[in-house]
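Beneath this line is the structure, given in structure tokens, with notes to follow.
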Amino acid sequence: MLYADIGNTRIHIYNGKEVIHLTHKEAIEQYANQKLQYITVKHQLKEQLKGLENWADISSKMILKNSYDTMGIDRRALCLSHRNGIFVSAGSAITVDVVEEGIYQGGFLLPGLKAYINAYGAISPALQTALNGEVDLNRLPRTTKDGISYGIIASIKSLIEKHQSGKQLYISGGDGEFLSSFFENALFDETLIFQGIKNALKGSRC
């Protein structure tokens, strides 16, 4: 069985061995005739997806105890991947959620790394820059580029660590591998959402 996580810009398909990242158009064209179960946050695609006889929407089966009604379905699936932990999805937005004994404790959202960079550029052309992924967080920066990079990464890191409390840190998402490099106790795995999907479908408590 194929599983898909349908996001706002791409469809991520898991075949049991690897995650394949495609545009909406590419994924539908290539996989329309294959059996596939999916979750989606892309509401504009729902009518088109309903027309695919081999695709089944399993979003309603992502049941996370104590979660709130408007919580994104991808965040729920991510939190279902393990019974305990702090779960981070680093994409267009950065979501951070805490789960203890399979029960959702709460979480928060931050802009994604690209959104942070764009926000600085919107303040002033002098602040338009790229992120320095090798910025040293142990010393104060002395350039604009490093100052912005430090401000972004250090603030994200500090806020996550504030709520970690010794829990295992699980990170997924397009910028997840990069972000995980700034933490000592971080496990990056792009299959986490799909692990959560499978756990939800089999009624597992992880």
Side-chain angles (χ1 to χ4, degrees), residues 3 5-10 12 14 19 21 39-43 59 61-120 131-135 137-138 148-200 204-206:
Y3 299 100
D5 168 29
I6 302 176
N8 286 311
T9 58
R10 299 178 77 79
H12 313 281
Y14 182 56
V19 181
H21 310 281
I39 60 172
T40 181
V41 297
K42 184 72 171 179
H43 300 296
S59 299
K61 297 184 179 181
M62 300 301 109
I63 299 172
L64 175 64
K65 289 184 179 180
N66 207 38
S67 60
Y68 56 94
D69 290 342
T70 58
M71 183 177 182
I73 201 67
D74 50 348
R75 290 172 66 192
R76 295 189 194 203
L78 179 61
C79 288
L80 287 165
S81 63
H82 293 276
R83 189 165 171 78
N84 292 281
I86 181 166
F87 300 87
V88 176
S89 178
S92 54
I94 296 173
T95 61
V96 183
D97 296 292
V98 175
V99 175
E100 295 179 359
E101 298 302 319
I103 299 174
Y104 183 65
Q105 304 299 308
F108 54 92
L109 292 85
L110 298 166
L113 296 180
K114 184 178 180 181
Y116 269 113
I117 287 292
N118 290 342
Y120 280 97
L131 189 71
N132 177 8
E134 298 180 356
V135 66
L137 300 184
N138 295 312
I148 289 173
S149 301
Y150 183 101
I152 293 171
I153 297 169
S155 60
I156 294 171
K157 185 175 188 290
S158 297
L159 196 51
I160 290 173
E161 288 179 339
K162 176 183 178 181
H163 296 278
Q164 193 169 355
S165 302
K167 298 180 182 67
Q168 175 64 55
L169 175 59
Y170 296 98
I171 303 182
S172 188
D175 289 321
E177 188 169 15
F178 166 75
L179 196 60
S180 68
S181 67
F182 292 95
F183 296 89
E184 292 183 5
N185 181 32
L187 189 155
F188 169 75
D189 186 346
E190 66 176 353
T191 72
L192 287 170
I193 283 179
F194 302 102
Q195 292 177 37
I197 288 173
K198 291 195 285 186
N199 286 334
S204 170
R205 287 180 173 269
C206 312

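Values in this document were obtained by computation on a predicted structure and should not be read as measured data.
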query = Would you call M71 and C79 a side-chain contact if the rule is heavy atoms closer than 4.5 Å?
reply = yes
request  = Show the numbers, then the answer: is there a side-chain contact (heavy atoms from CB on, under 4.5 Å) between S172 and L78?
outcome  = CA-CA 8 Å; S172 188; L78 179 61; 4.2 Å; yes
inquiry  = With rounding to the nearest 0.5 angstrom, report the CD1 to CD1 distance, I117 to I152.
reply    = 4.0 Å
message = Distance check, rounded to the nearest 0.5 Å: I86 atom CD1 versus E161 atom CD?
response = 9.5 Å
task = Quick one: closest heavy-atom pair of D175 and G91, and the distance?
result = OD2-O, 4.2 Å
remark   = So OG of S92 and CG of L113: to nearest 0.5 Å the spacing works out to 11.0 Å
For the student: nearest non-hydrogen atoms of Y14 and T191, plus distance = CE1-CG2, 3.8 Å
task = Would you check if H82 and L192 make a side-chain contact, meaning some heavy-atom pair closer than 4.5 Å?
result = yes
query = When V88 is tested against each of I156, L179, T95, D97 for side-chain contact (heavy atoms from CB on, under 4.5 Å), which residue passes?
reply = L179
ask   = Quick check: does any side chain N or O of S181 sit under 3.5 Å from a backbone N or O of F178, one acting as donor and the other as acceptor?
value = yes
remark   = Sorted by chain and number, sequence neighbours left out, side chain to side chain donor-acceptor pair (under 3.5 Å) with H21 holds for H12, E190
message = So which atom in F188 and which in G173 form the shortest heavy-atom distance, rounded to 0.1 Å?
response = CE1-O, 3.7 Å
inquiry  = Can you confirm whether T40 sits close enough to I73 that some side-chain heavy atom of one is under 4.5 Å from a side-chain heavy atom of the other?
reply    = no
ask   = Nearest 0.5 Å, what's the CD-CG distance between Q195 and L80?
value = 11.5 Å
ask   = Would a 4.5 Å heavy-atom cut-off, applied to side chains only, mark Y104 and R75 as touching?
value = yes
query = Hey, what do you get for CG (N185) to CD (Q168), rounding to the nearest 0.5 Å?
reply = 4.5 Å
remark   = Nearest heavy-atom contact between E101 and N84 is N-OD1, 2.6 Å
query = Counting only heavy atoms not in Q164, do more than 12 sit closer than 6.0 Å to its CD atom?
reply = yes
key: Candidates K167, K65, R83 - the one meeting salt bridge (Lys or Arg N to Asp or Glu O under 4.0 Å) with E100   = K167
task = Would you name the heavy atoms of F108 and H163 that are closest together and state the gap between them?
result = CE2-CD2, 3.6 Å
message = I need the F182 CZ to I160 CD1 distance, nearest 0.5 Å.
response = 11.5 Å
ask   = Which pair of non-hydrogen atoms, one from V41 and one from N8, has the smallest distance, and what is that distance?
value = O-OD1, 3.9 Å
ask   = Does the side-chain contact (heavy atoms from CB on, under 4.5 Å) test come out yes or no for D189 and Y170, once each step is laid out?
value = CA-CA 7 Å; D189 186 346; Y170 296 98; over 6 Å; no
inquiry  = Side chains of L159 and L110, heavy atoms from C-beta outward: is any pair under 4.5 Å?
reply    = yes
message = Suppose we screen for ring-ring contact (aromatic ring centres under 6.0 Å, His included). Which residues come up paired with Y3, at least two apart in sequence or across chains?
response = none
Derivation of the side-chain contact (heavy atoms from CB on, under 4.5 Å) call for I39 and R76 = CA-CA 10 Å; I39 60 172; R76 295 189 194 203; over 6 Å; no
